[in-house]
Amino acid sequence: MIDVKVPATTANLGPGFDTLGMGLSFYNEVQVKETASDLEIEIKGEGRTQLPTTKDNLIYQAMKQLFTKVGYKPDGLYIKAINNIPLARGLGSSAAAIVGGLLAANELVEDKLSISELVNLATKIEGHPDNVSPALLGGIVVSNYKNNRVIYEKIAVPELKIVVCIPDYELSTSKSREVLPQQVQFDDAVFNVSHMGLLLTGFLKQDYKIIKEGLKDRLHQPYREKILPGFEKIRTQLESKALGIVLSGSGPTVIALTLEDEEEIGRKMVDFFAEEDVEAKYVVTTPTNQGAQVIMNKK
Ligand code: HSE
């Protein structure tokens, strides 16, 4: 049995639209065993009633792509997913499935693919790199995907608390992208370029004042605020309490990056959502530098 653990991820981090992502300290687990025949898939936790247990399952799909690439054909497979990452909330659940499947499959074929090949294959399957890269590598990862190739760089996470406030409804990335404009204003682009530079400088220098300044965005959040009741209020009312309040990926989850008052911030986020009739819960977590890892391989 092979057992792998994959972190949740938060993409965008304010100004880093489609580019930045960070690993979070809560995990999905994928267990895989080669069997004599057939495919059996079991799902526990998040998505157990929704996710397919057929060949359409994303973990299986990812494994199949790796097996095809390295020319391996298992007789049969047993896959068990133990999911803690809620689906379609902007916390990288599909990236975790893809990365979990790829890492388990790669372990099964004795590490035929390098990390860089795994990042590229995972991005090809997901379509964008900002969740799969930090899911594989941990830390904060800057990625760029062009001409079917991912250029990525990882930097270490600073000491931080992350309050993750998860509304009780799903929002697909494609739906959340529908509200984005086809073109952006030049000054908004300049604003984000400069804030992205500030944010990365802040992370590298572990300078929280610069991080706070850098977490601002004009490329996606102003548009998405309109379809995410509660987010604008949370951001404007709680910004002074935290280093920053940003959308996690394409939402609907909102995260606060903070050094203190995390429980109070979490409770207030839930209250502000409730004022808009959105039920939500919060968890306090931390960023992680550890990406996906094999935690057991017993023949
Ligand atoms: N960066 C994507 C978006 C979501 O904001 O639409 C995660 O990949």
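For this chain, numbers begin at 1 and follow the sequence in order. Computation of the quantities below employed the complete heavy-atom set of this structure, encompassing side-chain atoms and omitting hydrogens, waters and symmetry-equivalent molecules. Atoms within each ligand, like the ligands themselves, are counted from 1 in listed order.
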Distance-minimising heavy-atom pair for L121 and L113: CD2-CD1, 4.0 Å
Atoms of ligand 1, numbered as shown, that sit under 4.0 Å from any heavy atom of H128: 7 (C), 8 (O)
Atom indices of ligand 1 within 4.0 angstrom of R177 heavy atoms, with elements: 2 (C), 3 (C), 6 (O)
Side-chain donor-acceptor pair present, Q65, T68, cut-off under 3.5 Å: no
Short side-chain donor-acceptor distance under 3.5 Å, E42 and Y78: yes
Residue selection (non-hydrogen contact nearest atom 5 (O) of ligand 1) among E126, R224, H220: R224
Closest protein heavy atom to atom 2 (C) of ligand 1, given as residue, atom name and distance to 0.1 Å: D18 OD1, 3.2 Å
With sequence neighbours excluded, residues passing side-chain contact (heavy atoms from CB on, under 4.5 Å) with E170: Q50, L87, A88, R89
Side chain, backbone, both or neither: the part of Q221 lying under 4.0 Å from ligand 1 by heavy atom: neither
Numbered atoms and elements of ligand 1 in range of N12, under 4.0 angstrom, heavy atoms: 1 (N), 3 (C), 5 (O)
Verdict with supporting geometry, E213 and K209, salt bridge (Lys or Arg N to Asp or Glu O under 4.0 Å): CA-CA 6 Å; E213 190 52 43; K209 249 201 196 133; over 6 Å; no
Any side-chain donor near an acceptor of the partner, S174 and S172, under 3.5 Å: yes
Distance from atom 7 (C) of ligand 1 to nearest protein heavy atom, with residue and atom: N131 OD1, 3.3 Å
